[in-house]
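Structure first, then comments.
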Amino acid sequence: MLVRDTISAAISNALERAHQDGALNVDSVPSIEVERPNNPEHGDFATNLPLRLARAARSNPLHLAEVIAARVPTGPEIASVTPAAPGFINFRLNDHWLQDQVEAVRAAGDSFGASDFGAARKIMVEFVSVNPTGPVHVGHARGAVLGSALANALHAAGYAVTREYYVNDAGSQMEAFYRSVWARYRQALGQPADLPDNGYHGDYIAGIAADIIAADGRRYLDMDDPAAIRAIGDVAREKMVALIRDDLDAIGVRFDNWFSERQLFRDADYDRAMARLRQGGHLAERSGALWFNSTALGDDRDNVVVRSSGEPTYFASDIAYHFNKFYGRSFERVIDIWGADHQGHVPRMKAAVAAMDIAPENLTVLISQMVTLKRGAETVRASKRTGDFVTLRELVDEVGLDACRYFFLARAASTQMEFDLELATKESSENPVYYVQYAHARNASILKLAADRAIDYAAGDVRLLDSPHELTLIRTMLRLPELIVQVAENLEPHHLPHYAMELATAFHHFYENCRVISANPDDNALTLARLKLVAAAQIAFHRTLTLMGMTAPDRMERT
RNA sequence: GUCCCAGUAGCUCAGUGGAUAGAGCGGUUGCCUUCUAAGCAACUGGCCGCGGGUUCGAAUCCUGCCUGGGACGCCA
């Protein structure tokens with residue numbers, strides 16, 4: 001149980017008691033909010049309940065704060081409960097309790113920060129899902145990093161998470177991709193061939209064609225065109241998906257499942273979803289096409305699901321896909337992470353989900369906004385159509401996985417951001433990535449020295465950790481569990497890097513002010529206690545960096 | 001024209017109903033005999049885009065305007 005919840009419960013009891021005593025007279029009590037005050041002088045936690053209760057209680061808020069505070073007992077966790085003007089109640093944690101948490105963190109190890117907030121509910125995070133017609137573009141890197149970190153946090157917060165990539169392997173874009181590979185294949189073998197009008201121009205197409213020639217030779221030339229395109233398309237698609245998988249792996253993004261769009265048609269999810277919409281009266285035929293009446297459900301216009309050619313649209317398969325997520329695979333909650341260019345698609349998807357009798361709040365679409373790449377003051381162009389686009393792979397090669405992930409994570413998903421390649425590349429104090437990792441490395445080198453000297457600190461007494469820097473470090477470590485819940489609840493992974501900075505600051509301050517392994521034998525007891533704190537901090541750093549998908553280096557050298 | 005996102009320190013961004021608005025970078029100045037100076041300490045720097053409203057209390061909520069980016073297809 002989080003301390004925050006303990007305090008919340010204690011306030012609730014106090015209200016009850018005040019009621020019984022006749023000291024408080026209200027009909028209804030607003031929800032109890034316990035927050036972290038900005039100013040450390042106000043303690044570890046605070047509530048503004050008296051301020052919000054004052055009107056209903058027809059009383060002065062400060063007086064109410066006194067009435068309630070007097071009825072909140074102190075205890076093992078809470079050292080003091082103080083009313084404060086104009087009507088807050090401030091709570092300070094007990095130093096002994098804080099010190100004891102060092103042992104608790106060490107005992108928790110890699111499960112430190114985990115909670116059962118999610119109650120093992122089935123949740124899917126679907127992200128990236130780039131069409132397998134080309135390598136992953138830098139524009140998708142942000143969504144990839146956000147999705148993977150969010151999934152990590154949801155897992156730590158107790159959800160049963162599935163990370164999924166939706167492979168759009170049906171539809172007209174794929175057809176253009178197949179034909180492009182076919183054309184390059186023929187050209188490479190000296191046959192006349194033109195890229196289709198909507199074809200893909202990137203060099204990677206020729207690369208795939210060359211790979212196919214190396215493996216299969218000229219044999220596709222013996223087939224008639226439609227058969228050859230189908231056969232070579234199958235091979236090319238698998239190669240492309242494998243390339244995408246490798247690209248994403250390079251930025252530390254891995255999936256539990258790669259879901260094929262074509263499966264929706266094979267397994268009749270498409271038929272079932274359309275039948276359901278038809279039953280609900282949500283489909284209508286008009287000018288030869290089949291339309292989804294999304295206007296009736298709040299969208300600003302209707303949308304075609306089956307073209308007059310009889311081909312289903314992308315929207316239709318997305319409806320079937322969400323039918324599959326909720327009904328086929330019983331996910332209680334689904335989070336889709338889409339690029340900014342899909343924002344217009346959100347209202348109709350929400351409408352379609354509602355039309356299939358799925359509570360719309362169970363589908364959350366996060367839009368990962370545009371990223372402007374810069375190199376110092378200069379804007380870096382990244383254009384897919386021209387063929388010379390900046391790929392995710394190029395970005396990782398230039399900047400490195402850790403800096404990439406850190407910078408993408410540090411910004412709220414819903415806001416457009418600038419990514420400065422120059423700043424992210426600099427391996428210097430200018431780069432906050434190294435500030436965090438350096439704290440972990442300093443931490444590791446203390447533990448290594450202790451190990452080299454065979455210092456056994458198992459008997460260390462954590463109650464000796466009573467300096468402000470030690471207690472601040474403990475306090476900061478202990479915020480991780482509630483931070484993870486916050487990230488999971490609000491779907492805001494950008495809090496992680498900011499927390500990591502604060503944890504690193506607390507550690508660096510401790511490091512500067514509290515010599516851990518002392519040369520003086522008189523300090524032996526304190527050395528053992530501090531080693532326990534360092535071991536606990538190591539866990540907190542490791543957990544934080546792992547959640548962000550970053551590496552936690554034991555050594556860092558200037559080059 | 002409609003819809004979405006944003007406007008906070010010189011730059012990049014946190015803070016989204018509370019108490020004195022923060023961080024990193026930049027700029028100025030100090031600190032390495034002792035677990036790594038990729039660190040620490042100090043200073044510098046703000047009509048929180050503008051106007052109105054709601055509230056005991058607004059950077060945060062509502063509304064109008066201004067500025068920038070994006071989306072509006074029987075493409076995906």
Side-chain angles (χ1 to χ4, degrees), chain A residues 33 35 37-39 41-42 46-48 51-52 54-55 61 84-88 90 129-131 133 168 170-174 176 198 261 286-291 300-301 303-309 311-315 317-318 339-347 367 369-370 372 374 376-377 407 410-420 423 426-439 441-450 452-453 494-495 497-498 501-502 504-505 507-509 511-513 515-520 527 530-531 534 555-559:
Chain A
E33 282 164 28
E35 58 176 20
N38 289 324
N39 186 337
E41 285 172 21
H42 297 139
T47 184
N48 61 1
L51 282 162
R52 295 192 296 134
R55 186 186 287 254
F88 294 98
N90 296 331
S129 301
V130 187
N131 285 355
T133 54
N168 291 117
S172 59
Q173 297 293 319
M174 280 314 282
N198 58 349
E261 181 183 2
R286 213 180 316 146
S287 40
L290 191 62
W291 296 71
D300 54 356
R301 44 183 291 271
N303 295 279
V304 170
V305 284
V306 182
R307 301 181 182 93
S308 41
S309 67
E311 286 287 304
T313 59
Y314 163 82
F315 179 46
S317 41
D318 223 8
D341 53 340
H342 283 62
Q343 63 185 1
H345 188 57
V346 177
I367 296 297
Q369 282 290 347
M370 300 268 299
T372 308
K374 305 206 107 168
F407 277 92
R411 314 291 183 235
S414 62
T415 70
Q416 289 155 210
M417 66 174 281
E418 295 201 345
F419 190 110
D420 188 344
L423 177 61
K426 262 185 201 165
E427 300 198 33
S428 73
S429 57
E430 293 172 47
N431 193 327
V433 178
Y434 299 94
Y435 182 81
V436 175
Q437 291 186 321
Y438 185 53
R442 274 183 151 179
N443 198 316
S445 86
I446 295 172
L447 293 175
K448 182 176 183 302
L449 182 65
D452 290 349
R453 296 197 187 161
H494 71 270
H495 297 301
H498 293 278
M501 283 295 280
E502 286 181 45
T505 299
F507 183 81
H508 286 308
H509 289 182
Y511 184 95
E512 293 289 332
N513 291 284
R515 175 77 200 180
V516 177
I517 299 175
S518 172
N520 184 347
T527 290
R530 284 179 171 168
L531 280 170
V534 170
R555 283 199 67 78
M556 289 174 70
E557 318 264 359
R558 264 188 181 287
T559 46

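Each chain gets a letter, A, B and so on, in the order the sequences are listed, and its residues count up from 1. Just so it is clear, the model here is predicted, and its values are computed rather than measured.
A search for side-chain contact (heavy atoms from CB on, under 4.5 Å) contacts involving A:Pro347 returns A:Asp299, not counting sequence neighbours. A search for side chain to side chain donor-acceptor pair (under 3.5 Å) contacts involving A:Asp420 returns nothing, not counting sequence neighbours. With sequence neighbours left out, A:Met370 forms a side-chain contact (heavy atoms from CB on, under 4.5 Å) with A:Ala340, A:Gln416. Not counting sequence neighbours, the partners of A:Tyr511 by the side-chain contact (heavy atoms from CB on, under 4.5 Å) test are A:Arg442, A:Ile446, A:Phe507.
Using atom C1' as the reference point in both B:G7 and B:U12, the two lie 14 Å apart (nearest Å). Nucleotides B:G10 and B:C72, compared at atom C1', are 37 Å apart to the nearest Å. Separation of the C1' atoms belonging to B:A21 and B:A9 is 11 Å when rounded to the nearest angstrom. Rounded to whole Å, the separation between the P atoms of B:C62 and B:G18 comes to 15 Å. Rounded to whole Å, the P atom of B:G22 lies 13 Å from the corresponding atom of B:A59. For the C1' atoms, the distance from B:C40 to B:C11 is 24 Å, rounded to whole Å. A gap of 15 Å separates the P atoms of B:U54 and B:U63, to the nearest Å. Comparing B:G64 with B:G45, their C1' atoms sit 33 Å apart, to the nearest whole Å.
To the nearest 0.5 Å, atoms OH (A:Tyr435) and NE2 (A:His508) are separated by 5.0 Å. From A:Asn90, atom CG reaches atom CD of A:Glu41 across 10.5 Å, with rounding to the nearest 0.5 Å.
A:Met174 comes within contact range of no nucleotide atom at all, as no heavy-atom separation falls under 4.0 Å. Using a 4.0 Å heavy-atom criterion, one finds that A:Ala439 contacts no nucleic acid atom at all. Residue contacts shown for A:Asp452 are absent, as no nucleic acid heavy atom lies under 4.0 Å away. Here A:Asn38 lies in heavy-atom contact (under 4.0 Å) with sugar-phosphate atoms only. Contact annotation for A:Glu41: base contact, defined as any heavy-atom pair under 4.0 Å involving a base atom. A:Arg52 comes within 4.0 angstrom of a base, heavy atoms only.
Closest-nucleotide positions on RNA chain B for A:Val516 and A:Ala412 were compared, and the one nearer the 5' end corresponds to A:Ala412. For the pair A:Thr47 and A:Leu447, both in contact range of RNA chain B, the more 5′-proximal nearest nucleotide belongs to A:Thr47.
Side-chain contact check for A:Arg307 versus A:Thr313: some heavy-atom pair is nearer than 4.5 Å.
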Under 4.0 Å protein heavy-atom contacts per nucleotide of nucleotides 69-76 of chain B, with B for base, S for backbone only and - for none: BBS--BSB
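Smallest separation of non-hydrogen atoms from A:Ile517 and A:Thr527: CA-CG2, 3.9 Å. Residues A:Ser518 and A:Arg515 come closest through the heavy atom pair CA-CG, 4.4 Å.
We find that CD of A:Glu512 is positioned 11 Å from P of B:A38, with the value rounded to whole Å. Between A:Leu449 atom CG and B:C35 atom C1' the separation is 5 Å, expressed in whole Å. Following rounding to the nearest Å, A:Glu35 (CD) and B:G15 (C1') show an atom-to-atom distance of 12 Å. Atoms CZ (A:Arg453) and P (B:C35) sit 9 Å apart, rounded to a whole Å. Following rounding to the nearest Å, A:Leu51 (CG) and B:A19 (C1') show an atom-to-atom distance of 10 Å. Atom CE in A:Met501 sits about 15 Å away from atom P in B:G15, given to the nearest Å. If you measure from atom CG of A:Asn431 to atom P of B:G26, you get 11 Å, rounded to the nearest angstrom. Atom-to-atom, CG of A:Asn513 to P of B:G39 comes out at 16 Å; the value is rounded to the nearest Å.
Between the side chain of A:Asn39 and the base of B:A21, no donor-acceptor pair of N or O atoms lies under 3.5 Å.
Between A:His509 and the phosphate of B:A41, there is a side-chain N or O to OP1/OP2 separation shorter than 4.0 Å. Considering only side-chain N and O atoms, A:Tyr511 lies nowhere under 4.0 angstrom from the phosphate OP1 or OP2 of B:U34. OP1 or OP2 of B:A6 has not a single side-chain nitrogen or oxygen of A:Arg411 nearer than 4.0 Å. A close approach under 4.0 Å does not occur between any side-chain nitrogen or oxygen of A:Thr505 and OP1 or OP2 of B:G24.
We find that the ring of A:His42 and the base of B:A19 stack, their centres lying under 5.5 angstrom apart and their planes tilted less than 30°. For the pair A:Tyr435 and B:A38, the ring geometry does not qualify as stacking, because the centroid separation below 5.5 Å and plane angle under 30° are not jointly satisfied.
Put simply, the side chain of A:Asn48 never gets that close to the backbone of A:Ala46: no donor and acceptor are under 3.5 Å apart.
A donor atom on one side chain and an acceptor atom on the other are found under 3.5 Å apart for A:Glu261 and A:Ser317.
In this pair, A:His345 and A:Tyr314 present their aromatic rings tilted. The plane angle is within the 30 to 60° band.
Pairing analysis of RNA chain B (Watson-Crick: purine N1 to pyrimidine N3 plus N6-O4 or O6-N4; G-U wobble: N1-O2 and O6-N3; both under 3.5 Å) yields stems of 3 or more pairs at B:1-7 with B:66-72, B:10-13 with B:22-25, B:26-31 with B:39-44, B:49-53 with B:61-65.
Under the 90° criterion around 0 for the glycosidic angle, B:C72 counts as anti.
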